[in-house]
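For the numbers below, each heavy atom of this structure counts, side chains included, while hydrogens, waters and symmetry mates do not. As the structure is a computational prediction, the values presented were derived from the model and not from experiment.
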Amino acid sequence: MHAALAGPLLAALLATTRARPQPPDRGQCRPPGSQRDLNSFLWTIRRDPPAYLFGTIHVPYTRVWDFIPDNSKAAFQASTRVYFELDLTDPYTISALASCQLLPHGENLQDVLPHELYWRLKRHLDYVKLMMPSWMTPAQRGKGLYADYLFNAIAGNWERKRPVWVMLMVNSLTETDVRSRGVPVLDLYLAQQAEKMKKSTGAVERVEEQCHPLNGLNFSQKAFLQEPQSDEKPKARVANLHLAFPEGLGTRDQEAVLRP
């Protein structure tokens, strides 16, 4: 990826890492009053035995579990085979996802980014590392997590990553996101439960199908930046970025781009 393409996008992202208050942590939304108020996101394929399609979202499962209706949970319980987008319980999958983020030919981020932008990025990550202990929750500490480990888990080896992956990493290094680390996303939670229940599991996509759309994005596309309101008080630095996807990029490819 040429610095001429990657540089302006990361520069625009870092330009928004300015003072902005974090919303108060009110936990998850109030659960609906009845099952009738819930959307199931569950489709049934009428066959014997029946098959199901269930739409998930890549967020900590605790944020949405109370909003998943009983019919979806019952379908999961009754199923003997469960197939996910990727097999997130497979060590190879995790390793391959990490590898696809790296710059080719042993390059470093400093080789492809403008000098001033690289040092702005480094200073911002130093700031995040300094703030990390104050962002962590008592529950995270109770699980044995500590700030340096958490920072390395999110930002480790960042100097070897492609600019697009660093951009998404910076966008997720906020207090709110850090406080939710350690809780599996819904997909991973369901995969873990399927393993506990001795169900057969598999994946419908390969790692390459997740990585190639993102690594091949056309960065001449515009970035739309959400600017902070003038009346907001400085409490934390937050970056918000919405990508304009290239024409023809499918919905599932877009979801792969936006995954935390």
| request: Answer yes if the side chains of Thr56 and Asp187 hold a donor-acceptor pair under 3.5 Å, and no otherwise. | output: yes
| request: Please examine the side chains of Met131 and Val128, heavy atoms only from C-beta on, and report whether any two atoms are closer than 4.5 Å. | output: no
| query | Looking at residues at least two apart in the chain, or sitting in another chain, which of them share a salt bridge (Lys or Arg N to Asp or Glu O under 4.0 Å) with Asp126? | reply | Lys122
| query | Does CZ belonging to Arg81 count more than 12 external heavy atoms closer than 6.0 Å? | reply | no
| query | Between Glu208 and Pro213, what is the shortest heavy-atom contact and its length? | reply | O-CD, 4.1 Å
| Step-by-step ring-ring contact (aromatic ring centres under 6.0 Å, His included) determination, Tyr189 to Trp65 | CA-CA 10 Å; Tyr189 175 74; Trp65 190 251; 5.2 Å; yes
| task | Give, for atom CD of Glu159 and atom CG of Leu103, the distance between the pair rounded to the nearest 0.5 Å. | result | 11.0 Å
| query | With distance as the sole test, does Arg162 use its side chain to make a donor-acceptor pair with the main-chain N or O of Val164 at under 3.5 Å? | reply | no
| said: Are Ser200 and Tyr83 packed together at the side-chain level, in the sense that at least one heavy-atom pair is separated by less than 4.5 angstrom? | reply: no
| task | Report the distance from atom CZ of Arg181 to atom OG1 of Thr176, rounding to the nearest 0.5 Å. | result | 12.5 Å
| request: Flag yes if Leu125 and Tyr149 sit in one hydrophobic cluster, no otherwise; membership is Ile, Leu, Val, Met, Phe, Trp, Tyr, and two members link when side-chain heavy atoms are under 4.5 Å apart. | output: yes
| message | Are Trp165 and Leu102 connected into the same hydrophobic cluster when the rule is that any two of I, L, V, M, F, W, Y join if their side-chain heavy atoms are below 4.5 Å apart? | response | no
| Steps toward side chain to side chain contact (heavy atoms under 4.5 Å, CB included) verdict (Arg120, His124) | CA-CA 6 Å; Arg120 282 173 58 195; His124 178 69; over 6 Å; no
Quick one: side chains of residues 88-99, donor-acceptor pairs under 3.5 Å with protein atoms, not counting sequence neighbours, listed by atom name and distance.
from: Thr89; atom 1: OG1; to: Asp87; atom 2: OD1; distance (Å): 2.6
from: Thr89; atom 1: OG1; to: Glu195; atom 2: OE2; distance (Å): 3.4
from: Asp90; atom 1: OD1; to: Tyr92; atom 2: N; distance (Å): 3.1
from: Thr93; atom 1: OG1; to: Asp87; atom 2: O; distance (Å): 3.0
from: Ser99; atom 1: OG; to: Ser95; atom 2: O; distance (Å): 3.0

| Can a cation-pi geometry be assigned to Lys73 and Phe54, taking NZ or CZ under 6.0 Å from the six-membered ring centre and within 45° of the ring axis? | no
| Check: Asp177 and Ile154 side chains under 4.5 Å, non-hydrogen atoms | no
| Asn215 and Cys100: which non-hydrogen atoms are nearest, and at how many Å? | ND2-O, 3.1 Å
| task | Run the numbers on Lys161 and Leu109 for side chain to side chain contact (heavy atoms under 4.5 Å, CB included), then give the verdict. | result | CA-CA 7 Å; Lys161 292 183 178 181; Leu109 199 59; over 6 Å; no
| Interatomic spacing from CD1 in Ile57 to CZ in Phe67 - rounded to 0.5 Å | 11.5 Å
| Heavy-atom closest contact (Pro133 atom, Arg141 atom, distance) | O-NH2, 2.6 Å
| field | Min side-chain heavy-atom separation Phe76-Met197 under 4.5 Å | value | yes
| task | Rounded to the nearest 0.5 Å, what's the gap from CD on Gln110 to CZ on Arg160? Could you check? | result | 13.0 Å
| Heavy-atom distance under 4.5 Å between the side chains of Thr137 and Arg179, does that happen here? | yes
| query | In terms of side-chain heavy atoms, does Gln210 have a donor or acceptor partner in Glu205 at a distance below 3.5 Å? | reply | yes
| task | Considering non-hydrogen atoms only, spot the tightest contact between Tyr146 and Met136 and give its length. | result | C-SD, 3.7 Å
| Of all heavy-atom pairs between Glu209 and Val204, which one has the smallest distance, and what is that distance? | OE1-O, 4.4 Å
| request: Using a 4.5 Å cut-off on heavy atoms from C-beta on, say whether the side chain of Tyr61 contacts that of Val185. | output: no
| query | With the 4.5 Å side-chain cut-off for hydrophobic clustering, are Phe41 and Val82 part of the same group? | reply | yes
| To the nearest 0.5 Å, how far apart are CE in Met167 and OG in Ser172? | 11.0 Å
| query | In the single-linkage hydrophobic clustering (I, L, V, M, F, W, Y; side-chain heavy atoms under 4.5 Å), do Leu121 and Tyr127 co-cluster? | reply | yes
| field | Val59 with Phe84, same ILVMFWY side-chain cluster at under 4.5 Å | value | yes
| query | Okay, side chain of Lys129, backbone of Asn152: is any donor-acceptor separation there less than 3.5 Å? | reply | no
| Test item: Met169 and Trp158 side chains (from C-beta on) under 4.5 Å apart, heavy atoms | yes
| field | Value rounded to 0.5 Å, distance of CG in Leu188 from CD in Gln193 | value | 10.0 Å
| said: What verdict does the side chain to side chain contact (heavy atoms under 4.5 Å, CB included) test give for Glu85 and His58, after you've listed the backbone C-alpha separation in whole Å, the side-chain angles of each residue and the deciding distance to 0.1 Å? | reply: CA-CA 11 Å; Glu85 189 175 359; His58 301 299; 3.5 Å; yes
| Does some side-chain heavy atom of Arg63 sit less than 4.5 Å from a side-chain heavy atom of Leu186? | no
